[in-house]
Amino acid sequence: MRWPCHPAFPSLSCHQLRSLLRSCARRPSLGVGKKLHAALITSGLSATPDTFLCNALLHFYALCGSVPSACKVFYGIPNSHKDTVDWTTLMGCFARHRMPANGLRLFIEMRREGVSIDDVTLISVFNACARLSNVEVGVQGHGVSKKLGLSSSIKVCNTVMDMYVKCGLLGEAKGVFEEMEERSIVSWTVILDGMVKLESVGSGRVVFDTMPERNEVAWTIMVVGYLGNGFTREGFSLIGEMIFGCGFMLNFVTLCSLLSACAQSGDVMIGRWVHVYALKTMGKEIDIIVETALVDMYAKCGRVDAAIEVFEHMQVRNVVAWNAMLSGLAMHGRGEVILDMFPRMVKEAEPDDLTFTSLLSACSHSGLVEEGCHYFHNLELLYKITPKIEHYACMVDLLGRAGRFEEAWVLIKKMPMPPNEVVLGSLLGSCSVHGKLELGERLLHELLRMDPYNTECHILLSNMYALGGKQDKANSLRHVLKNRGIRKVPGVSSIYVDGQVHQFSAGDKSHPQTTEIYMKLDEMIRKLRLTGYIPKTASQVFSGGDSRANKENDLEEIEQALFSHSEKLAVCFGLISTRAGSPLYIFKNLRTCLDCHSAMKMVSSIYDREIVIRDRNRFHCFKRGSCSCSDYW
DNA sequence: ATAGGGTTAG
């Protein structure tokens with residue numbers, strides 16, 4: 001018997017048409033599939049809807065990369081003719097195209113329509129929840145999977161665990177892991193990753209050592225855990241075991257992961273080693289993604305010139321590479337360089353929103369007000385980019401720093417979205433620089449309405465009161481903080497010496513060379529004072545301890561607290577443990593304070609050292625008595 | 001009546 005024919009292709013059965021579409025999907029061959037679709041439409045597909053054909057079309061578009069066409073076919077089929085597989089096909093399509101929000105919306109619609117759900121559907125759901133950190137839908141899906149008896153499916157359990165890990169719920173993930181009767185290597189690596197990221201590298205190591213088998217993913221997670229947290233030696237020895245002991249090669253995913261860990265902890269030693277490895281194994285033609293990771297790593301390790309070097313040697317540069325370079329330059333306050341390079345970028349790649357975030361923030365950090373305004377003005381007109389809240393934040397920052405408060409305020413009022421903490425917080429920062437107490441108070445109230453526990457803006461305003469001579473107000477604000485139990489995040493500075501990271505907190509006496517460090521500190525303060533250094537105690541109402549009886553002790557105590565700030569200790573350690581004249585690279589988790597900033601400038605000339613400090617916002621390169629930020633930070 | 005969806009971890 002002959003199968004029924006389709007009017008568009010009298011020689012082909014519907015069954016054969018479906019097979020054709022399916023092979024177009026697998027190829028993938030978008031052109032041929034589209035022609036088939038066109039022929040089907042012109043011959044009146046909609047008049048005699050063959051749902052099997054529609055489903056094949058849906059599958060084809062879902063696999064071949066056109067999301068809108070897949071959606072169109074999907075919604076063209078009546079719900080009564082769609083089953084679990086059809087819904088899941090579209091969900092998978094959203095997942096592949098990194099559109100998790102659409103995926104979840106579809107899942108919710110699916111449940112509303114009463115379509116039954118199976119293991120394949122849930123894998124896409126958990127994937128989307130993980131990407132969005134949407135634990136609500138995730139828990140819902142977990143419930144469904146239990147009800148359907150899918151707790152025995154290793155893949156479902158793995159994605160559930162991954163979802164919990166990505167949402168920060170390690171306990172839930174561990175619970176699933178323990179209930180599993182059978183586990184795959186993926187189950188182990190998901191748990192390992194969760195332990196390293198959410199508990200500690202140490203407890204991750206315990207999992208790593210007890211795993212029944214270890215693949216390159218497991219090794220990478222462990223090495224990245226060590227390097228990202230500053231354990232250079234442990235990380236490096238593990239890389240050695242991985243390559244020479246187990247014979248693994250580092251592929252480009254591993255290389256990128258390692259470089260990003262180095263960028264995070266500032267470990268340029270290992271970063272350089274990875275660079276050499278990449279050159280040796282890949283030759284001159286390093287993968288563009290790895291090259292971009294190298295640019296990012298060097299820039300974040302304070303070696304912006306090395307970053308430029310890698311960047312200029314790249315054969316091809318895309319937007320991502322350009323953005324990495326520009327954001328690196330922005331962090332280092334090289335505003336003029338960015339403006340010089342930008343016309344070159346336009347010839348090689350199309351700038352996107354991230355490009356302009358770097359460009360505008362560089363203008364703001366370098367005080368290039370007119371240039372910043374010019375690019376912001378052209379954002380939509382010339383580059384067809386709708387300004388996002390980040391761009392408004394840069395502009396408010398730019399205008400505020402320059403003391404143009406009215407314009408900044410007008411811009412905030414004109415924004416199509418309500419201002420967030422970043423926008424208001426940066427204006428508050430400018431208020432503190434320019435002593436605009438009244439506006440500062442207003443901003444603080446607004447900020448506290450958004451986030452009552454924002455320590456930083458409390459501190460900013462109290463420092464403003466103190467500098468403005470309003471001691472009573474400063475004290476009462478301090479009281480509010482104390483009563484609410486809000487505490488400052490402790491500042492930590494770290495410095496690498498001989499491949500080992502040394503960490504210091506304020507007043508730290510735990511380092512084995514504490515005696516020598518504090519002797520150097522005494523000497524440094526003496527020399528600083530001779531050069532005319534005056535401790536900026538006025539800004540420090542907040543860092544001191546409890547109430548004090550007498551004013552003179554007070555001042556001395558505050559001074560002592562200033563002297564033993566973590567970055568000063570790190571510098572002293574650097575001075576006594578490295579060769580004369582070699583530069584010092586220091587990382588700080590918070591912003592550098594005003595006093596340390598002015599002290600570092602002098603230290604760089606007294607000891608003839610280049611001092612590079614990466615703080616939470618940007619880099620400061622102190623050289624011969626001045627800083628690359630031109631005191632504009 | 002038929003076939004068709006996904007590979008989770010760095």
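Every chain is numbered from 1, with letters handed out A, B, ... down the list of sequences.
- Rounded to a whole Å, the CG atom of Leu170(A) is 17 Å from the P atom of dA9(B).
- Cation-pi geometry between Lys300(A) and Phe619(A) is not met at under 6.0 angstrom from the ring centre and within 45 degrees of the axis.
- What separates CG of Asp118(A) from C1' of dG6(B) is a distance of 10 Å, to the nearest Å.
- If you take NZ of Lys82(A) and P of dG5(B), they are 18 Å apart, rounded to a whole angstrom.
- Asp119(A) comes within 4.0 angstrom of nothing in the nucleic acid, heavy atoms only.
- Contact check for Arg105(A) versus Phe94(A): no side-chain heavy atoms found under the 4.5 Å cut-off.
- With sequence neighbours excluded, the residues that form a side-chain hydrogen bond (donor to acceptor under 3.5 Å, both in side chains) with Arg131(A) are Asn127(A).
- Proximity of residues 180-199 of chain A to DNA chain B (heavy atom under 4.0 angstrom from any strand atom) is restricted to Val186(A), Thr189(A), Val190(A), Asp193(A).
- Taking atom CG of residue Leu63(A) and atom P of nucleotide dA3(B), one finds them 19 Å apart after rounding to whole Å.
- In this entry the distance linking CG of Asp83(A) with P of dA3(B) reads 13 Å, nearest Å.
- Listed by residue number, the members of residues 125-149 of chain A with any heavy atom below 4.0 angstrom from DNA chain B form an empty set.
- Of the candidate nucleotides dG10(B), dG5(B), dT7(B), dG10(B) has the atom nearest to the side chain of Asn251(A).
- Donor-acceptor pairing under 3.5 Å, judged by distance alone, is present between the side chain of Thr254(A) and the base of dG10(B).
- To the nearest 0.5 angstrom, Phe177(A) atom CZ is 11.0 Å from Cys157(A) atom SG.
- Each salt bridge (charged side-chain N to carboxylate O under 4.0 Å, His left out) pair with one or both residues in residues 172-191 of chain A, not counting sequence neighbours, appears once here: Lys174(A)-Glu199(A).
- Within the structure, every side-chain polar atom (N or O) of His59(A) is placed at least 4.0 Å from both OP1 and OP2 of dG4(B).
- The interatomic distance linking Met110(A) (CE) with dG6(B) (C1') rounds to 13 Å, in whole Å.
- Interatomic distance, CG of Asp353(A) versus NZ of Lys388(A), reported as 4.0 Å (0.5 Å rounding).
- The nearest whole Å value for the distance from the CG atom in Leu90(A) to the C1' atom in dG6(B) is 14 Å.
- Interface remark: the Asp86(A) side chain does not form any donor-acceptor pair with the dG5(B) base, using a distance-only criterion of under 3.5 Å.
- At whole-Å resolution of the value, CE in Met91(A) and P in dT7(B) are 11 Å apart.
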Please list every donor-acceptor pair under 3.5 Å in which a side-chain atom of residues 217-229 of chain A meets a protein atom from a residue at least two apart or in another chain.
unit_1: Thr220(A); atom_1: OG1; unit_2: Glu216(A); atom_2: O; d: 2.6
unit_1: Tyr226(A); atom_1: OH; unit_2: Arg205(A); atom_2: NH1; d: 3.2
unit_1: Asn229(A); atom_1: ND2; unit_2: Gly225(A); atom_2: O; d: 2.8

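- The stretch residues 271-283 of chain A participates, sequence neighbours left out, in these side-chain hydrogen bond (donor to acceptor under 3.5 Å, both in side chains) pairs: His275(A)-Tyr298(A).
- Partners of Ser133(A) by side-chain hydrogen bond (donor to acceptor under 3.5 Å, both in side chains), not counting sequence neighbours: none found.
- Checking dA3(B), dG5(B), dT8(B) against the side-chain heavy atoms of Val85(A) singles out dG5(B) as nearest.
- Of the residues in residues 258-274 of chain A, none has a non-hydrogen atom less than 4.0 angstrom from any atom of DNA chain B.
- Screening residues 150-165 of chain A for salt bridge (charged side-chain N to carboxylate O under 4.0 Å, His left out) gives Asp162(A)-Lys166(A) as the qualifying pairs, with residues at least two apart or on separate chains.
- Contacts of Lys166(A) with the nucleic acid, taken as non-hydrogen atoms under 4.0 Å apart, involve only primed sugar atoms and P, OP1 or OP2.
- With no hydrogens or angles considered, no side-chain donor-acceptor pair links Asp86(A) and Thr89(A) at under 3.5 Å.
- In this model, no donor atom of one side chain and acceptor atom of the other lie less than 3.5 Å apart for Asp119(A) and Ser153(A).
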Extract all donor-acceptor atom pairs below 3.5 Å that involve side chains of residues 319-330 of chain A and protein atoms in other chains or at least two apart in sequence.
unit_1: Trp322(A); atom_1: NE1; unit_2: Glu348(A); atom_2: OE1; d: 3.1
unit_1: Asn323(A); atom_1: OD1; unit_2: Thr355(A); atom_2: OG1; d: 2.6
unit_1: Asn323(A); atom_1: ND2; unit_2: Asp352(A); atom_2: OD1; d: 3.0

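- Of the residues in residues 203-223 of chain A, those lying under 4.0 Å from DNA chain B by heavy-atom distance are Asn215(A), Glu216(A), Val217(A), Thr220(A), Ile221(A).
- Across all strands, Ser257(A) comes closer than 4.0 Å only to sugar-phosphate atoms, never to a base (heavy-atom distances).
- Within the model, atoms CZ of Arg591(A) and CD1 of Ile613(A) stand 13.0 Å from one another, a figure rounded to the nearest 0.5 Å.
- Taking Arg334(A) as the reference, Asp305(A) meet the salt bridge (Lys or Arg N to Asp or Glu O under 4.0 Å) condition, with sequence neighbours excluded.
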